[in-house]
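Following: one structure in structure tokens, then a few remarks.
Residue indices begin at 1 and follow the sequence shown. Predicted, not measured: the structure shown is a model, and the values here were computed from it.
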Amino acid sequence: VEITGFSRDEVMGQSLVEVYITEEFRASVKKVMDNALLGEETSNFEFPLFTKDKRRVEVLLNATTRRDVSDNVVGVIGVGQDITERKQ
């Protein structure tokens with residue numbers, strides 16, 4: 001939320017991939033998230049994202065599988081870091 005400028009209410013229930021990812025990166029970001037749901041985590045994946053005010057920012061993503069006490073996959077925790085300045 002901090003990177004994009006959108007409020008929590010604006011992003012809840014929205015598809016990260018379909019709404020906020022640039023078209024050329026949708027398939028690769030979807031694959032990273034789908035793989036995390038299968039237990040295959042990804043570190044240091046870079047992709048562009050558009051902010052609420054239409055700026056393009058470069059994001060470094062870590063997608064971690066979230067499991068319950070029985071080790072069943074229950075979701076994905078995605079942590080993104082704005083690396084735009086570093087990329088310039």
Would a hydrophobic clustering, with Ile, Leu, Val, Met, Phe, Trp and Tyr connected at side-chain separations under 4.5 Å, put [X] with [Y]?
X: Phe50; Y: Leu16; answer: no
X: Leu37; Y: Ile77; answer: no
X: Leu61; Y: Ile3; answer: yes
X: Val57; Y: Phe45; answer: yes

**Request:** Sorted by first residue and then second, give each side chain to side chain donor-acceptor pair (under 3.5 Å) pair with at least one member in residues 36-55; sequence neighbours left out.
**Result:** Glu10-Lys52, Glu46-Lys87, Thr51-Asp53, Asp53-Arg55

**Complete:** So CG of Leu60 and CD1 of Ile83: to nearest 0.5 Å the spacing works out to 5.0 Å

**Request:** Look up atom OG in Ser15 and atom CE in Met33, then write down how far apart they are to the nearest 0.5 Å.
**Result:** 9.5 Å

**Request:** Applying side-chain contact (heavy atoms from CB on, under 4.5 Å), name anything that partners Asp9, two or more places apart in sequence or on another chain.
**Result:** Ser7

**Those residues that, when tested against Ala36, pass side-chain contact (heavy atoms from CB on, under 4.5 Å) (two or more places apart)** = Ala63, Thr65, Val76

**Message:** Checking the side chain of Thr4 only, and the main-chain atoms of Phe6 only, is there a donor and an acceptor separated by less than 3.5 Å?
**Reply:** yes

**Request:** Please confirm whether the backbone N or O of Ile21 pairs with a side-chain atom of Arg26, one donor and one acceptor, at under 3.5 Å?
**Result:** yes

**Request:** Search all heavy atoms of Gly39 against all heavy atoms of Arg67 and return the closest pair with its distance.
**Result:** CA-NH2, 3.5 Å

**Prompt:** Can you find a heavy atom in the side chain of Val11 that is under 4.5 Å from one in the side chain of Tyr20?
**Reply:** yes

**Prompt:** Got Ser28 and Phe47 here, is their nearest side-chain heavy-atom distance under 4.5 Å?
**Reply:** no

**Message:** Pair Gln81, Glu58 - check side-chain contact (heavy atoms from CB on, under 4.5 Å), show working.
**Reply:** CA-CA 8 Å; Gln81 178 182 359; Glu58 298 295 324; over 6 Å; no

**Item:** Residue from Leu49, Val79, Asp82 passing side-chain contact (heavy atoms from CB on, under 4.5 Å) with Val59
**Value:** Leu49

**Message:** Looking at Glu23 and Lys30, is there a salt bridge between them, counting it only when a charged N and a carboxylate O are closer than 4.0 Å?
**Reply:** no

